[in-house]
Structures are given as structure tokens and as C-alpha cells.
There are 4 protein chains.
Amino acid sequence: MSGAHSSHSHQSSDLKSATPRWTAKQKLVLETATRLFAQKGYANTSTSEIAKKAGVSEGSIFRRFKTKEGLLLTILSPVIDGILSNMLTETNRKAAILPSLKLRDFVTIIVEDRTEFIQKHIAVFKILIEEILYDNRIRLQIIKKIPKQLLTQISQVITSLHSRHEIVDWDNEEIMRFIGNNVLGFVLNYFILLDKSTAEIQAAQEHMIEFLTKGLATSD
Amino acid sequence: MSGAHSSHSHQSSDLKSATPRWTAKQKLVLETATRLFAQKGYANTSTSEIAKKAGVSEGSIFRRFKTKEGLLLTILSPVIDGILSNMLTETNRKAAILPSLKLRDFVTIIVEDRTEFIQKHIAVFKILIEEILYDNRIRLQIIKKIPKQLLTQISQVITSLHSRHEIVDWDNEEIMRFIGNNVLGFVLNYFILLDKSTAEIQAAQEHMIEFLTKGLATSD
Amino acid sequence: MSGAHSSHSHQSSDLKSATPRWTAKQKLVLETATRLFAQKGYANTSTSEIAKKAGVSEGSIFRRFKTKEGLLLTILSPVIDGILSNMLTETNRKAAILPSLKLRDFVTIIVEDRTEFIQKHIAVFKILIEEILYDNRIRLQIIKKIPKQLLTQISQVITSLHSRHEIVDWDNEEIMRFIGNNVLGFVLNYFILLDKSTAEIQAAQEHMIEFLTKGLATSD
Amino acid sequence: MSGAHSSHSHQSSDLKSATPRWTAKQKLVLETATRLFAQKGYANTSTSEIAKKAGVSEGSIFRRFKTKEGLLLTILSPVIDGILSNMLTETNRKAAILPSLKLRDFVTIIVEDRTEFIQKHIAVFKILIEEILYDNRIRLQIIKKIPKQLLTQISQVITSLHSRHEIVDWDNEEIMRFIGNNVLGFVLNYFILLDKSTAEIQAAQEHMIEFLTKGLATSD
DNA sequence: GATGAATGAGCTTTCATTCAT
DNA sequence: TATGAATGAAAGCTCATTCAT
């Protein structure tokens with residue numbers, strides 16, 4: 001809830017501030033392209049369709065984004081950067097570093113935070129998955145970022161949980177992978193593949209929190 | 001009836017038996033196409049490249065498979081059918097129906113079995129994921145099959161585990177989803193994205209079994 | 001005159017025989033492209049115009065020639081090869097090696113032979129000149145061929161003239177350059193730039209022969 | 001030496017004097033465009049590249065030169081005018097009208113003068129050649145100027161040489177063509193195509209003077 | 001049945017030019 | 001005046017598909 005603010009500020013920093021300020025038309029292109037890429041896949045979306053639906057000329061797209069791939073990267077970059085670097089919203093961050101933090105609280109915080117993040121960027125995530133599967137350049141770009149960013153934020157909390165025997169003694173990266181797989185699988189299942197009621201989704205998320213909490217508890 | 005037979009017949013029907021017997025060249029086309037689709041994505045693979053690499057003429061591909069999509073479906077169908085219907089191999093099946101089966105044994109059996117299945121068809125799975133994300137027809141085709149097939153095989157074992165209070169009391173479909181997400185995530189991480197040693201992969205699989213066993217245990 | 005035969009056989013060997021036999025449509029493309037490139041320049045001729053005027057689809061052009069540049073090279077290659085390697089027609093060749101050959105006869109033979117060659121391939125020559133001026137790859141391709149081929153044919157005759165003090169004692173390459181410049185300049189002036197009567201052209205050619213004969217005579 | 005002055009004044013008149021005085025940026029555009037046109041050809045040079053490399057906006061180019069062709073003509077015009085009209089530098093002019101002028105001196109003067117002129121404007125000459133070959137408007141513009149300008153300057157000297165039996169009795173235009181072809185061929189060969197040392201170029205120029213002197217001498 | 005030349009629609013990209021700021 | 005975003009026409013090229021041989 002309260003996390004929405006800082007999370008939002010990140011996205012906006014990518015689209016508004018800094019040197020390259022987008023014109024209204026360019027923003028329209030980015031939104032339209034994101035929507036279409038997510039709907040039909042990057043490869044199946046033509047620049048001419050993007051131009052038409054965004055109400056701009058094709059020339060304008062290429063003037064600003066250089067190539068179709070440039071347009072793709074402009075869309076993906078901020079989310080790729082955000083996946084790990086901005087792991088927690090301001091509020092959650094404070095809670096996560098409490099020395100008395102229990103595993104269940106940690107899992108709850110991170111699941112809710114990441115679910116919200118993925119949901120918010122669900123369109124970009126669909127595009128990202130396709131590219132991870134088939135585009136080596138993008139795949140490498142992502143993998144390269146993992147080690148650096150794992151050493152911050154969440155990882156510190158996990159280390160703290162380790163020291164207090166609150167969590168199973170696998171290494172941080174592997175634990176993050178379990179959490180990541182389940183959160184991503186959850187979002188894909190419930191927000192893309194399946195058509196469930198809000199109540200069912202809510203229940204499923206609670207189950208996931210319980211599942212992760214038990215699964216990651218110390219074995220004894 | 002018995003699992004072994006039907007399981008085997010299914011897989012083999014893909015490439016060998018039944019009405020449509022593939023010629024050597026056609027089998028080459030299917031293998032080449034599978035490899036290329038998995039490498040570069042369906043949309044980024046041209047029929048002319050498939051023809052060239054398979055050593056046949058483009059005309060021959062279209063004569064036999066009608067369209068490029070026909071070729072795709074010929075590749076995907078058997079695996080789509082196999083995902084749930086042939087859940088267990090002969091040996092595992094016998095073990096799975098023991099009345100004394102423990103949750104840990106169940107998880108071990110199913111994780112090992114499905115990991116092997118996905119690994120064996122990893123190329124097709126990559127293609128399948130892309131199509132699930134972007135092709136509504138294929139997505140629906142898969143979703144339609146879920147309820148029917150859940151009533152068989154594994155589901156019965158889970159029901160049995162339920163009755164013996166060996167497993168958490170969520171419904172079978174949801175439990176399967178947890179297992180599925182983790183197995184699929186495991187394979188994607190360790191066989192596509194990451195580059196780990198056999199020992200590391202082995203350890204990761206054991207961790208996954210422990211993780212699932214604890215996560216799906218009765219809460220108390 | 002009689003030389004036309006062997007000269008012709010060269011051109012035809014490029015368009016007919018060997019492994020790649022052109023289809024009727026492909027020959028039409030080559031002829032149309034040659035004409036248009038010569039008329040408007042390579043860069044100013046679009047593949048779509050070639051296709052339209054040749055009565056084929058654009059796809060067919062790219063299927064056979066790979067790229068627009070591939071089409072250009074297909075047109076240029078045989079002429080580039082022919083510029084120096086086939087310096088003399090059969091008949092002229094015989095005359096050129098007579099031990100009693102006078103400078104004037106030599107100049108006459110070579111001027112008539114090369115004028116005929118250039119005239120016959122005038123369209124390709126126009127294209128070639130443009131490419132020599134601006135395309136480094138083609139420029140190098142041509143320059144590379146000069147030394148090898150200078151050692152044959154004409155060069156031997158010049159060496160013979162040298163030994164009999166019939167010709168100025170500059171090196172063969174430089175002498176060939178004087179002849180080449182004047183023949184090429186003659187053709188460009190009288191067949192492209194200017195609009196003169198046959199009689200005037202005939203007179204100009206005779207003047208060129210006299211000019212070259214005197215200019216290349218031993219200084220004494 | 002002293003010729004350099006008047007020669008220089010010609011070039012500068014192109015860029016400085018007359019009604020349209022170029023701003024610093026406009027001069028930069030003209031120089032950049034000349035360089036790029038000569039390097040890659042007119043058709044292969046985009047206005048956007050010119051703008052970028054000259055450090056001005058594309059809009060500015062079109063504001064001043066109206067169209068891309070306008071820019072081309074602005075570059076070509078002064079050189080087209082200079083080819084024949086300003087045949088000789090001040091000093092050479094004085095020498096050329098001496099009543100005792102020998103053919104060899106005449107050839108020497110004109111070869112050195114024109115070689116210098118072409119060399120100085122070599123970039124524009126490259127552009128010009130392309131346009132002469134393919135652009136009818138420019139071709140006609142040049143041809144139209146020939147007769148008028150032939151009646152002046154050099155032509156008068158040739159007529160004088162004729163009357164003194166110093167030169168072969170072809171008409172002035174044809175004689176000029178021989179000289180022009182050889183000078184142009186010389187510059188193209190030694191300053192664009194080949195990569196020779198200064199000494200070799202010097203020797204080649206002397207050979208050309210001897211070649212032209214002998215070739216244009218009275219036949220008896 | 002197998003081939004591969006031929007197709008035409010559509011793709012990404014470039015470019016000269018315009019015009020609001 | 002100078003800028004550079006925006007344009008639309010056209011460029012080179014790719015591709016799934018057809019069909020005569």
C-alpha cells in the first residue's frame with residue numbers, strides 16, 4: 001500500500017526526468033509498443049502497427065529509438081534495473097531490517113512487494129520473459145546484474161535470518177531463486193493464464209506465503 | 001490402460017506410429033525445426049532456414065505440414081498431451097500408489113519424473129512457453145486439458161495423501177501448481193539460464209525436494 | 001571485325017554456360033538492371049523499378065542475387081575480368097605478335113579492339129566508372145587485377161616494341177595508361193557526352209591513333 | 001607561385017564574394033558536403049549526415065539551400081564555371097600569349113595549370129564526374145558552356161600555334177579534348193586510383209607533357 | 001512426390017523535406 | 001533565425017506460400 005509511492009517514483013524517473021525527456025508522442029509510442037509487445041509478442045508486432053495505433057508516423061519512431069530493438073530496450077531497461085535493485089519499498093525496507101524479524105514476516109513483505117511490482121509491470125514482464133528465452137544479449141545483460149545486486153538489500157536480510165537460525169542454510173542466491181520462481185509463477189498463473197476471482201487470488205497469495213515460510217524454515 | 005504402455009505409445013506416436021508415419025526427411029524437418037524454434041523462437045525462424053538446414057526443399061515442408069503453424073503444432077501437440085497425461089513412468093507409478101506413501105517420497109518421485117520429462121523435451125518446452133504467452137489458441141488448448149487430466153494419476157495420489165493428513169489441505173490443482181512452478185522454474189534456471197556444474201544442479205534438485213516437502217506438509 | 005566472335009563468346013560464357021544458368025526472367029533482370037544503372041546510376045535506380053520494368057517480382061531479384069549489390073557485381077564482374085584479360089581478339093592477337101610489327105600498327109590494333117570492347121559494354125562501363133570513384137571494394141578489386149594481367153598479352157608486345165626501339169622507353173604500365181586514358185576518354189566523349197556524326201567519330205578515332213602513335217614514338 | 005594568388009581568388013570567390021555571403025556555419029556545411037559527396041557520392045550522402053558532421057541542424061541546411069540539389073549546385077557551379085573560363089593563371093596567361101611560344105611551352109603551361117586546378121578542386125571534380133555521367137540537367141549545363149568559352153583564352157593561343165605550324169591542324173576543340181582527357185586521366189589515376197610517391201607523380205607529369213607535345217606536333 | 005523459382009504482402013529502416021517553437 | 005521533432009514516401013529486403021516442372 002504505502003509502498004506504492006516510492007515504487008511509482010522509480011518508474012516515473014525513467015519516463016520523465018533525466019536528460020531524455022519524452023515528448024507526448026514518444027510517450028504514446030512507448031505505451032502503445034509496451035501494450036502490443038505484451039499482447040502479441042515483440043516479433044509479431046510491426047513498427048507500422050505501433051505507429052498507426054499510437055497515431056504517429058513510423059519515421060518518428062525510428063528517429064527517436066533508432067531501431068525496433070532500441071524501442072524494446074527503452075521499454076525493458078528500467079524494469080530490468082528495477083527487478084533486483086529496488087527490491088523493497090520504503091516502508092517494507094524499514095520493517096525488513098528489524099533485528100527481530102521473523103521468517104514469516106520476511107516472506108510476507110517480500111512476496112507482497114514483488115507481487116505488486118511484477119503486477120504493475122506485468123506487460124513488460126511478459127516481453128522480458130520472451131527475450132530472456134531467445135535473446136542472448138538481453139539474457140546476459142540480466143545475468144550480469146544478478147551478483148552485484150544480490151549483495152545488497154534483501155541479501156543482507158537473509159544473512160541476518162541465517163545468523164538467527166530463522167531460515168534454511170542454503171546460500172542467499174538459491175533462496176532468492178525459490179522466492180522468485182514462486183512469485184513469478186504465481187503472477188503468470190493468476191494474472192495471465194488463469195481467470196480467477198479476486199478472492200481466489202488473495203487466497204492463493206496467502207497460501208504461497210505459507211508455502212514459502214514452511215519451505216524455507218530451518219529443517220530442525 | 002497400464003501406464004507404461006500408454007505412456008510409451010504417446011511419445012512414440014509423435015514420431016513413429018499411428019497413421020502418419022514420417023519419412024526420414026520429415027523427421028529431419030521436425031528435429032531441425034524444433035531445434036531452431038527453441039534456439040531463436042518460432043517467429044524468428046524462417047521456413048527457408050529450416051529447409052536449408054534440414055536439407056530439404058521448402059516446397060516439401062509445405063506439402064507435408066500445410067503451413068508453418070501446422071509444423072509448429074505437429075511439434076507441440078505430443079508434448080502438450082504428455083505434460084499431464086503421462087505423469088509417471090511405470091516404476092514411479094507403482095511406488096506412487098502404495099498406501100503407505102509418505103509426502104517426501106511422493107515429492108521425490110514426482111520431481112524426479114517431471115524434471116526428467118521436461119529436460120528431455122526442453123526444446124519443445126521453450127517453444128511452448130513462448131506460445132503460451134502470446135498465442136491464445138494454444139493457451140486455450142492447454143487450459144482446456146487441465147481439468148480433465150487432473151482427475152487422473154497424480155491427483156488420485158494427492159487425494160490419498162490428503163486423507164492420510166500427509167499434505168496441506170489445499171485443493172489438488174493448487175498443490176500441483178506449486179510443484180509445477182518449482183520444477184519448471186528449476187529446469188529453466190539450471191538448464192537454460194544458468195551455467196552450473198552437475199553437482200550444483202544435483203544439490204539444487206535435492207533442495208527443491210526438501211523445500212517442497214516442507215512447504216506442502218500439513219501445517220500441524 | 002572477325003574478332004567479334006571470340007569477344008562475343010566471352011560475354012555469352014558469362015550469361016549462359018557454367019554452373020549458374022540464368023532463367024529467362026533472371027536474364028531479363030540483368031539486362032534491365034544494366035540499362036537502368038547506366039541510365040540513372042546505380043544509387044538512383046531502385047530494385048522496385050528494376051522489378052517493374054523487367055516484369056518480375058522484387059522478391060525474385062533478391063532470391064537470386066541476394067542483395068542489390070550482388071546484382072551489381074553479377075553485372076560488373078565479367079566486364080572487370082574482360083578489361084585486361086581479353087585484351088585482343090583472335091585476329092588482332094595474331095597480328096600483334098608479328099616480329100615486324102610497327103608502333104602505328106600496334107596502336108591501331110589496340111585502339112580499334114579496345115574501342116569496340118568498351119563500346120559494346122558501354123553501359124557496364126558507365127556503371128563501373130561510378131563504382132570506381134565511390135566504392136572502395138570494387139576499386140581495390142580492379143586494382144588488384146592490374147599487375148597480374150599486365151604481364152600477359154599486350155605487355156609482351158610492348159616489350160617487343162621496346163627491344164626494337166619502336167616505342168618510348170617508359171614502363172609498360174605507364175604506356176598502357178596513356179592508351180587507356182585516351183581510349184576511355186574518346187568513348188566517353190563521343191558516345192556519351194557529345195552528339196557527333198559517324199563521320200566525325202571516325203575521324204576522331206583516326207586522329208587518336210595518330211596522336212598516340214606520335215606521342216608514344218621514341219623521342220630520339 | 002604568383003599564380004597561386006589569382007587562382008586562390010577564384011576559389012574564394014566561390015565561397016566569399018558576390019551577393020550571397022556565407023555565414024561561418026554555411027561555409028562549414030558547404031565544406032562538409034563537398035567532402036562527403038566526394039567520399040561517398042552525392043546519392044549516398046544524406047542531408048542528416050551532413051548536418052550532423054557540420055554541427056548544424058538539418059533545418060538550417062534547407063532554409064539556406066532550399067533542397068539537397070540546391071546544395072549540390074552551389075558546390076558545383078563555381079567549378080563548372082572555372083573549368084574553361086579561367087583557364088590560366090595570371091602569370092601563365094602572360095607567357096601563353098607570347099608570339100614566340102613553342103608547342104612544348106604551351107603544353108607545359110596548360111598541363112601544369114590545369115593539373116593544379118583539378119588537384120585543388122579534386123573533390124568537386126569527383127562529384128562533377130558522377131553528375132556528368134548521370135544527371136542530364138548538369139550535363140547539358142556544362143556542354144552549353146563549352147562553345148562560348150572555347151572562343152576565349154586558350155583557344156586563341158592554339159589558333160596562334162596553328163598559324164605558326166607549331167601544332168597539328170585539327171580543330172581547337174578536338175585538341176583541347178586531347179589535353180583535357182590526358183590531364184583528367186592523369187589526376188584521376190595518380191590522385192584517386194593509384195598510390196604513388198611524389199617522385200613518381202612528378203615523372204608521370206613530365207612524361208605526359210612530352211607525350212602531348214609529340215602527339216600534338218605537326219605531322220610533318 | 002519432391003523441387004525450387006516465383007510471388008506479393010509486409011517488414012524495418014532511411015531520407016529529403018516541413019513546420020511549430 | 002535556427003532548431004529538431006515530425007512526417008510520409010519509398011527504399012532494400014524477408015518471408016510464408018504457391019505451382020509448374
Side-chain angles (χ1 to χ4, degrees), chain A residues 21-26 28-29 43-52 54-72, chain B residues 23 25-26 29 42-52 55-72, chain C residues 21-26 28-29 43-52 54-72, chain D residues 23 25-26 29 42-52 55-72:
Chain A
R21 256 232 179 87
W22 309 110
T23 67
K25 295 220 162 188
Q26 286 163 358
L28 219 51
V29 168
N44 296 312
T45 306
S46 73
T47 49
S48 104
E49 187 184 357
I50 296 170
K52 209 168 292 166
V56 303
S57 73
E58 253 187 291
S60 302
I61 293 180
F62 284 91
R63 168 167 237 288
R64 189 62 174 84
F65 301 101
K66 239 66 178 167
T67 63
K68 190 189 174 190
E69 205 197 358
L71 175 59
L72 173 68
Chain B
T23 66
K25 293 219 162 185
Q26 285 161 358
V29 167
Y42 170 72
N44 296 313
T45 306
S46 71
T47 50
S48 100
E49 187 183 359
I50 296 169
K52 204 172 292 166
V56 303
S57 71
E58 262 191 281
S60 302
I61 292 181
F62 283 89
R63 165 160 287 281
R64 187 61 181 84
F65 301 101
K66 219 67 183 162
T67 64
K68 190 188 175 190
E69 206 197 0
L71 175 59
L72 173 68
Chain C
R21 254 221 183 96
W22 308 110
T23 66
K25 297 221 160 187
Q26 287 162 359
L28 217 52
V29 167
N44 297 311
T45 306
S46 73
T47 50
S48 102
E49 187 183 358
I50 296 169
K52 211 168 290 168
V56 303
S57 73
E58 251 188 294
S60 301
I61 294 180
F62 285 93
R63 169 168 236 288
R64 188 61 174 87
F65 301 102
K66 237 67 179 166
T67 62
K68 190 188 174 191
E69 204 196 2
L71 174 59
L72 173 68
Chain D
T23 67
K25 292 218 160 185
Q26 285 162 359
V29 167
Y42 170 72
N44 296 312
T45 306
S46 71
T47 49
S48 98
E49 187 182 359
I50 297 168
K52 204 172 294 169
V56 303
S57 72
E58 265 192 278
S60 302
I61 293 180
F62 283 89
R63 165 159 288 280
R64 186 62 182 82
F65 301 101
K66 217 71 183 158
T67 65
K68 190 188 175 191
E69 206 195 0
L71 175 59
L72 174 68

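Naming convention: chains lettered A, B, ... in sequence-line order (proteins, then strands); numbering from 1 in each chain. Only heavy atoms go into these numbers, but all of them, side chains included; no hydrogens, no water, no symmetry mates.
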Take atom [atom1] of [X] and atom [atom2] of [N], then tell me their distance rounded to the nearest Å.
X     : N      : atom1 : atom2 : value
B/K52 : E/dA5  : NZ    : C1'   : 14 Å
A/I50 : E/dG10 : CD1   : P     : 17 Å
A/R64 : E/dT13 : CZ    : C1'   : 18 Å
D/I61 : E/dC19 : CD1   : P     : 18 Å
B/E69 : F/dC15 : CD    : C1'   : 16 Å
A/F65 : F/dA6  : CZ    : C1'   : 13 Å
D/L71 : E/dC15 : CG    : P     : 15 Å
B/K68 : F/dT17 : NZ    : C1'   : 12 Å

Measure across [X] and [Y] and return the closest heavy-atom pair with its distance rounded to 0.1 Å.
X     : Y     : answer
D/A43 : C/N44 : CB-OD1, 3.7 Å
A/T45 : A/K68 : O-NZ, 2.8 Å
B/G55 : B/K25 : O-NZ, 3.8 Å

Contact under 4.0 Å: [X] side-chain N or O vs [N] OP1/OP2:
X     : N      : answer
A/S57 : F/dT7  : yes
A/T23 : F/dA6  : yes
D/T47 : E/dA16 : yes
A/S60 : F/dA6  : no
B/R63 : E/dG1  : yes
A/S46 : E/dC11 : yes

Mind checking the [atom1]-[atom2] spacing from [X] to [Y]? Nearest 0.5 Å is all I need.
X     : Y     : atom1 : atom2 : value
C/S46 : C/K52 : OG    : NZ    : 7.5 Å
D/L71 : D/T47 : CG    : OG1   : 9.0 Å
C/E49 : C/E58 : CD    : CD    : 11.0 Å

Both distances under 3.5 Å, Watson-Crick or G-U wobble: report the partner of F/dA20, or none. E/dT3

So what's E/dT12 paired with, Watson-Crick or G-U wobble, going by both distances under 3.5 Å? F/dA11

Indicate, with a heavy-atom threshold strictly under 4.0 Å, whether C/Q26 touches base, sugar-phosphate, or nothing. sugar-phosphate

Would you mind telling me which residue lines up with the more 5' stretch of DNA chain F, C/T45 or B/G59, judged by nearest nucleotide? C/T45

When the nearest nucleotide of DNA chain F is assigned to A/A24 and to C/E49 on a heavy-atom basis, which residue is associated with the more 5' position? A/A24

Position toward the 5' end of DNA chain E (nearest nucleotide), C/V56 or A/K66: C/V56

Between C/K25 and A/S48, who's closer to the 5' end of DNA chain E by nearest nucleotide? C/K25

Closest to the D/F62 side chain: F/dG12, E/dT3, E/dA16? E/dA16

